[in-house]
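These figures come from a predicted structure and were not determined experimentally.
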Amino acid sequence: MTDVAIIGAGPAGLTLANLLQRNGISCVVLEARDRSYVEERQRAGILDHYGSEIFAAAGLAEAVIAGAPREQFLELRYEGEPHLFDGPAHAGGRSGVLVPQQLLVRRLLTTFLAGGGDLRFATPVDRINIKENRMVYAGGELTASYIAGCDGFHGVSRRSIPAAALTTYSFDHGIGWYTVLADAPPPRHALMGISEHGFAAQFGRGPKASRFYLQYDLGAGDPREWPDDHTWDQLRLRLGDPALPTGPITDREIVEMRSFVTEPMAYANLFLAGDAAHIITPMGAKGMNLALADAGVLATALTAALHDGDDAALRSYSDTCLRRTWDYQEFSRWFTEMVHDAAAAEDPFRRRLAKARFDRLWTNPKAADWFADMMAGTALI
């Protein structure tokens, strides 16, 4: 028996575990994969201002985000013409922190285990008995006062809630991203190319590597089969850089551009967090930040319930998190349309709308402030 059982050792589960540990709440983390998989899983990662504040408020900043560089300029190239957007200047100095997700996860793991945390790898939960607050897994079972489902979109947690108790919303954005990791010099600033030929982006992954992104047509086959020369040609074209340095491509992936939200994010004593409750497109880098925000709200609510017998915050957990979730979903959709619809050759009206959005960032200070504010993150906790 433990106070809180956490299913999943991703950013949401590990953040929640560390926060509860700091608050003197007993918890056990059950993770389906082995430790090496969890630590090496490659994901992009930018903590927005309020994501990093969660760790600072808990006294975990030194352990989790020390040494990580701050986000400054975002370069947006429209048909090859560069525009530098100074986010912190428009957001009162607030900025994101560049922390790859695998580095964040490793540091959270190390911190939790160093504090005596109970984290059980290779322990997939087969089923959850919500009435009894009991999880069954191969070789055993665990009972807890509360259960936190942080096990992703395909996990057991959300599937354990009666379907009639949930309302789900989903949206397919109708585009795909082909992403490659290459041993190519990183750009000076985070870079996005907006072009009639399609969206492209380049982000640094250390001093000698870059992660590239290319918009592709979902009906045109698997871009992972493209010859490397074609990939580099498309990147040069869309980024407006004929001299773009190349290098060996070491990883190829497809990113699904889809959105999903579950309401509510709680049922009885089971609470969903992160991808178990919502999926968001990568535009705006809000997926991991939503997971951390859920964990921050849930940790505060569970502490109040277990230490003070006050469950008011637990009862409002879903509503609190969903306000931020829908706010970020709308922003991500807005951003997606601005940078992708320039390639909507079949719909000139959408192309002009996308250009109007882009132009407004440079001609209307209040529009620039709003964009920077959303990039830095909203304080709804």
**Item:** D359/K355 salt bridge by N-O under 4.0 Å criterion
**Value:** yes
**Prompt:** I279 and Q329: which non-hydrogen atoms are nearest, and at how many Å?
**Reply:** O-NE2, 2.8 Å
**Message:** Does this structure show an ion pair linking R33 with E31, if we count only N-O contacts that are shorter than 4.0 Å?
**Reply:** no
**Asked** Taking the six-membered ring for Trp, are the ring centroids of H83 and F358 within less than 6.0 Å of each other?
**Response** yes
**Message:** To the closest 0.5 Å, what do you measure between CE (M283) and OG (S259)?
**Reply:** 12.0 Å
**Asked** Is the gap between the ring centers of F260 and Y169 under 6.0 Å?
**Response** no
**Asked** Got a salt bridge between R158 and D151, using NZ or NE/NH1/NH2 to carboxylate O under 4.0 Å?
**Response** no
**Item:** Separation of E53 CD from R94 CZ (nearest 0.5 Å)
**Value:** 10.0 Å
**Item:** Pair Y216 + W226: ring centers closer than 6.0 Å
**Value:** no
**Closest non-hydrogen atom pair, T325 against L290** = CA-CD2, 3.8 Å
**Asked** Okay, side chain of S318, backbone of P264: is any donor-acceptor separation there less than 3.5 Å?
**Response** no
**Message:** Testing the 3.5 Å rule here: is there a donor-acceptor pair between the side chains of D294 and H278?
**Reply:** yes
**Prompt:** How are the rings of F331 and F371 set to each other: parallel, tilted or perpendicular (split at 30° and 60°)?
**Reply:** tilted
**Prompt:** Taking all non-hydrogen atoms of both residues, which atom of P245 and which atom of W232 are closest, and how far apart?
**Reply:** O-CZ3, 3.9 Å
**Complete:** Shortest non-hydrogen pair, M192 vs F335, comes out as SD-CZ, 3.8 Å
**Asked** Any chain of hydrophobic side-chain contacts (each under 4.5 Å) joining F112 to I54?
**Response** yes
**Message:** Please determine whether a side-chain nitrogen of the Lys or Arg among D233 and R236 lies less than 4.0 Å from a carboxylate oxygen of the Asp or Glu.
**Reply:** yes
**Request:** Please name the pair of heavy atoms, one in P186 and one in A209, separated by the smallest distance, quoted to 0.1 Å.
**Result:** CB-O, 3.8 Å
**Message:** Would you compute the distance between atom CD of Q234 and atom CZ of F212 and round it to the nearest 0.5 angstrom?
**Reply:** 13.5 Å
**Complete:** T262 and L322 have their tightest heavy-atom pair at O-CD2, 3.7 Å
**Test: R106 and E39 ion pair at under 4.0 Å** = no
**Check ion pair K208-D183 (N to O, under 4.0 angstrom)** = no
**Request:** Salt-bridge test for D341 and R357: reply yes if a basic N is under 4.0 Å from a carboxylate O, no otherwise.
**Result:** no
**Request:** Take the angle between the ring planes of W362 and F85 and call it parallel below 30°, perpendicular above 60°, tilted in between.
**Result:** perpendicular
**Asked** Taking 4.0 angstrom as the limit, do D228 and R252 come out as a salt bridge?
**Response** yes
**Item:** Proximity of F199 and Y213 rings by center, below 6.0 Å
**Value:** no
